[in-house]
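Structure record follows, encoded as structure tokens.
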There are 2 protein chains.
Amino acid sequence: MTAVAGTAKTLAESAYLRIRDAIRGGALPPGTRLRFAELQDLCGMSVTPVREALTRLTAEGFTTLEENRGYRVAPLSIEELWDIARSRQLIEGEALRLSIAKGGADWEGALVSAHHLMKRIARTTQQAPTVVDEDWNHRHTVFHRSLILACGSPILLSISEGLYDRADRYRRLSWAIPDNPRAIEEEHELIFKSALARDAEAAVTYLRVHYERTAQQVEAFLLNKAQPDVSI
Amino acid sequence: MTAVAGTAKTLAESAYLRIRDAIRGGALPPGTRLRFAELQDLCGMSVTPVREALTRLTAEGFTTLEENRGYRVAPLSIEELWDIARSRQLIEGEALRLSIAKGGADWEGALVSAHHLMKRIARTTQQAPTVVDEDWNHRHTVFHRSLILACGSPILLSISEGLYDRADRYRRLSWAIPDNPRAIEEEHELIFKSALARDAEAAVTYLRVHYERTAQQVEAFLLNKAQPDVSI
DNA sequence: AGACCGCATATTTTCGAAAATACTTGACGC
DNA sequence: GCGTCAAGTATTTTCGAAAATATGCGGTCT
């Protein structure tokens with residue numbers, strides 16, 4: 001499970017966080033059948049809050065529901081990978097443009113801070129994931145979010161957040177790649193500097209490149225290891 | 001309630017549809033407190049499926065939740081009106097572009113059909129809404145959906161659908177305007193013809209104009225009658 | 001042998017009530 | 001007079017079990 005624990009004010013919410021993180025972290029692989037009995041067990045609560053959690057997760061695309069036949073972890077596919085990437089290019093691209101146009105000193109400050117914090121942790125490329133990387137992942141999330149935070153559109157923000165979370169499941173796959181040749185830090189750097197310099201077009205271009213490369217990398221991984229548990 | 005009735009395979013889904021349509025139709029005005037007792041009464045079922053419905057509606061932006069303090073119908077605001085309009089211009093605009101590029105003969109056929117069906121019903125401007133207009137509204141929905149149906153992106157489609165539904169609450173406000181000066185039919189016509197002619201840029205431009213005007217009209221309405229029940 | 005039916009089992013969905021939490025009201029102390 | 005606390009009420013949240021629905025299995029009939 002990720003950082004937060006005591007933040008849930010309700011059992012339903014805690015179940016939501018637990019299950020969502022289990023899905024994102026890969027503990028519940030794509031396609032896994034989600035039986036209430038097991039989830040109740042996992043979360044230590046009755047069926048009602050678990051059900052509520054799954055309803056939310058389904059609305060957000062993490063799980064699927066066949067009525068009267070149960071929930072499953074939503075499958076991963078190369079089509080969806082690209083659909084997510086393209087949609088993010090469009091939506092976060094515009095949000096970034098707006099953010100650069102509208103953001104004030106406070107926005108710049110938060111952005112600089114987020115970028116610094118992310119750079120400060122060298123991503124431990126060789127280690128097992130879900131340990132040290134969980135920390136890096138959080139800072140990465142904050143960085144991307146702070147890029148578009150000043151866009152002034154709650155809707156674009158919430159859509160972006162949702163797509164980021166969905167992309168997370170794919171992104172984590174690339175962590176499993178032994179030696180990662182990509183210079184992610186550099187890509188971040190380019191986006192960051194352009195944004196700070198208020199060069200919206202450059203920043204948006206670099207952001208799009210960033211998502212394009214991420215998708216390409218994950219695609220390569222999926223094509224190579226055509227694992228039985230990952231439905232293509 | 002709208003068209004569908006027997007389509008719900010589950011009580012939770014039927015509650016979802018009922019409540020959602022009550023919100024969209026204005027029977028449950030913005031800000032209304034949603035007590036479980038009343039909703040159980042309205043839907044004729046126990047608390048569990050009602051709760052599930054509200055969870056979904058909240059994920060989709062129709063209702064809001066304050067934990068342990070209940071649900072409310074999400075408020076309407078001029079800011080959100082424009083946020084929705086701008087987001088739709090961006091997202092549906094791109095979806096339309098893609099649809100025009102990728103759509104085949106089947107797409108064209110469905111589009112022509114949808115447009116025809118919509119034109120066939122003269123919108124009864126002076127009558128009370130929710131009676132005849134409900135039919136027009138449905139055809140209008142189908143028309144807009146069929147424009148972008150061939151875009152090839154499930155994500156853009158589902159986002160568009162969500163935004164369309166949210167916009168619906170605002171759009172209905174303009175139905176209350178006594179004599180509606182706007183030539184909506186013409187705007188539809190322009191979009192439709194450009195799309196058929198595969199002139200993506202024109203079609204997208206007209207679509208954006210269409211959403212801009214709709215928002216302007218609703219904004220004027222909201223500013224005029226600063227009703228007590230509509231929080232600005 | 002193969003398809004179809006019906007029973008037993010597994011699982012989801014819904015219920016009605018209990019527990020937890022928030023709100024109201026009125027009394028008390030300062 | 002005014003804020004604070006407490007008991008009672010209203011409401012949400014959670015539970016555990018019943019009802020509804022799907023699944024698997026074994027037997028029968030062709």
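Naming convention: chains lettered A, B, ... in sequence-line order (proteins, then strands); numbering from 1 in each chain. Worth knowing before you read on, the calculation uses all heavy atoms, side chains too, and leaves out hydrogens, waters and symmetry mates. Only a predicted model underlies this, so the values are computations on that prediction, with no experimental measurement involved.
Between the S99(A) side chain and the A150(A) main chain, a donor and an acceptor come within less than 3.5 Å of each other.
Closest to the side chain of F36(B), from the set dT11(C), dT13(D), dT14(C), is dT13(D). If you check dT13(D), dT11(D), dC15(D) against the side chain of R51(B), the one that comes closest is dT13(D).
Residues forming a side-chain hydrogen bond (donor to acceptor under 3.5 Å, both in side chains) with Q89(B) (at least two apart in sequence, or on another chain): E212(B). The ring pair (Phe, Tyr, Trp, His ring centres under 6.0 Å) search around F62(B) returns none, not counting sequence neighbours.
For E94(B) and R86(A), the salt-bridge test fails: no basic side-chain N is under 4.0 Å from an acidic carboxylate O. In summary, E38(A) and R33(A) do not engage in a salt bridge, as defined by a charged side-chain N under 4.0 Å from a carboxylate O.
Remark: R69(B) is in phosphate contact with dC23(C), judged by side-chain N or O atoms under 4.0 Å from OP1 or OP2.
Within the nucleic acid shown, E52(A) has no heavy atom closer than 4.0 Å to any nucleic acid atom. No engagement by L54(B) is indicated, since no non-hydrogen atom pair under 4.0 Å with the nucleic acid exists. At a threshold of 4.0 angstrom between heavy atoms, the contacts of T10(A) are confined to the sugar-phosphate backbone, with no base atom among them.
The CG atom of L65(B) sits 15 Å away from the P atom of dT21(C) (whole-angstrom rounding). Here the C1' atom of nucleotide dA20(C) and the NZ atom of K9(A) are 15 Å apart, to the nearest Å. At whole-Å resolution of the value, OH in Y71(B) and C1' in dT13(D) are 10 Å apart. Whole-Å rounding puts the R33(A) CZ to dT11(C) C1' distance at 7 Å. Atoms CG (D41(A)) and P (dA10(C)) sit 16 Å apart, rounded to a whole Å. In this structure, R35(A) places its CZ atom 13 Å from C1' of dA22(D), rounding to the nearest Å. Taking atom CD of E67(A) as the reference point, atom P of dT13(C) lies 8 Å away to the nearest angstrom. When rounded to the nearest whole Å, the span between CG of L39(A) and P of dT14(D) equals 16 Å.
In terms of position along DNA chain D, the nucleotide closest to S46(A) lies nearer the 5' end than the nucleotide closest to the other residue of the pair N68(A) and S46(A).
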